[in-house]
Amino acid sequence: MPTTVFDQFTRRVTGVTAQLATLAIPLTAPALPPAANPTDPWASSYPIPVDRSTLAWCTAVQMLADHHHTGIDRQVLAADALLRELGVRGLAQLHSDLHGGAPVDFRFTRCPYCSGIGEDPTLPTCQDIGCPPQYEFAGHDHICPVCHGDDYQPEWLAEEQMTELEELLADAIEDRTPARSRLTAWLRQRGPRS
């Protein structure tokens with residue numbers, strides 16, 4: 001039976017939920033109790049329970065555990081807080097934070113949620129997302145909420161950027177000194193790298 005790219009998401013969820021079951025951690029995080037003082041700006045206002053069997057939660061806890069070199073049991077509450085406050089889009093913020101706060105270019109870095117395919121791995125319907133009626137048609141893809149559909153192709157993009165940089169270098173050398181025209185001609189004659 002051939003496997004698809006979507007099988008990896010099922011394996012990720014199954015692996016994490018099996019670890020939770022082994023550790024006797026429930027698959028639903030309890031809702032937070034209401035704040036004692038509703039005017040307290042530091043009190044949490046997110047009474048939503050978190051489903052720990054979703055792909056987003058499993059991805060978040062796995063990213064945190066891998067980054068901190070711990071078991072997932074030590075990162076359960078952090079993943080709960082992330083999903084409770086930011087939802088699936090919080091995975092992009094987490095990915096950026098784990099890379100020292102730098103923005104992550106998902107064309108060169110594989111998305112932790114969709115694994116670089118650019119589509120929402122949960123395959124939601126247009127009704128789930130709330131697409132406008134003119135976009136509701138068969139075969140309509142929904143982009144990943146983390147990487148926003150960036151196409152993960154680091155080899156091709158790196159090659160394109162190297163070609164562009166070589167052209168810019170050749171133009172700069174040509175504009176700066178006419179005596180270096182042989183170097184410029186050589187760079188242009190050489191063509192794109194292969």
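We use all heavy atoms of the structure for the numbers below, so side chains are in, but hydrogens, waters and symmetry mates are not. FYI, the numbering just counts along the sequence from 1. Quick caveat: nothing in here was measured; it's all calculated off a predicted structure.
In this structure, the separation between CG on Leu83 and CG on Leu91 is 6.5 Å, given to the nearest 0.5 Å. Distance check, rounded to the nearest 0.5 Å: CD of Glu166 to CG of Leu169 gives 8.0 Å. Atoms CG and CG, from Leu82 and Leu64 in turn, are 7.0 Å apart once rounded to the nearest 0.5 Å.
Listed by chain and residue number, Asp120 satisfy the side chain to side chain donor-acceptor pair (under 3.5 Å) test with Thr122 (two or more places apart in sequence, or in another chain). Contacts of Asp73 classified as side chain to side chain donor-acceptor pair (under 3.5 Å), with partners at least two apart in sequence or in another chain: none. Every residue was checked against the side chain to side chain donor-acceptor pair (under 3.5 Å) condition with Thr10, not counting sequence neighbours, and none meets it.
Evaluation of the salt bridge (Lys or Arg N to Asp or Glu O under 4.0 Å) test over residues 97-106, restricted to residues two or more places apart or in two chains, returns Asp105-Arg107. Residue pairs meeting the ring pair (Phe, Tyr, Trp, His ring centres under 6.0 Å) criterion with at least one member in residues 63-91, sequence neighbours excluded, do not occur. Screening residues 53-65 for side-chain hydrogen bond (donor to acceptor under 3.5 Å, both in side chains), with sequence neighbours left out, gives Arg12-Thr59, Asp51-Ser53, Trp57-Asp80, Gln62-Asp66.
Grouping the Ile, Leu, Val, Met, Phe, Trp and Tyr side chains by contacts below 4.5 angstrom, directly or via other members, places Leu23 with Val61. Hydrophobic clustering keeps Ile72 apart from Leu77 (ILVMFWY residues linked when any side-chain heavy atoms are closer than 4.5 Å, directly or through intermediates). Cluster membership check: Leu55 shares its hydrophobic cluster with Leu123, using side-chain heavy-atom separations under 4.5 Å among Ile, Leu, Val, Met, Phe, Trp and Tyr.
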Fill in: Evaluation steps, side-chain contact (heavy atoms from CB on, under 4.5 Å), between Met63 and Leu94
CA-CA 9 Å; Met63 286 172 64; Leu94 173 63; 3.9 Å; yes

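Between Arg89 and Val146 there is no side-chain heavy-atom pair separated by less than 4.5 Å. Taking the side chain as every heavy atom from C-beta outward, Cys111 and Tyr152 never approach each other to under 4.5 Å. With contacts defined as side-chain heavy-atom distances shorter than 4.5 Å, the pair Thr70/Gln75 qualifies. Counting heavy atoms from C-beta on, the side chains of Thr17 and Leu27 come closer than 4.5 Å. Counting heavy atoms from C-beta outward, Phe106 and Cys144 have side chains that stay 4.5 Å or more apart. Contact check for Arg52 versus Leu20: side-chain heavy atoms found under the 4.5 Å cut-off. Side-chain contact between Thr109 and His95 is present, with heavy atoms from C-beta onward closer than 4.5 Å.
Arg110 places a side-chain N or O within donor-acceptor distance of the main-chain N or O of Ser115, the cut-off being under 3.5 Å.
Across Phe9 and Pro121, no two heavy atoms sit closer than the pair CE1-CB, 3.4 Å.
No more than 12 heavy atoms of other residues, nucleotides or ligands shown are found within 6.0 angstrom of CD on Glu164.
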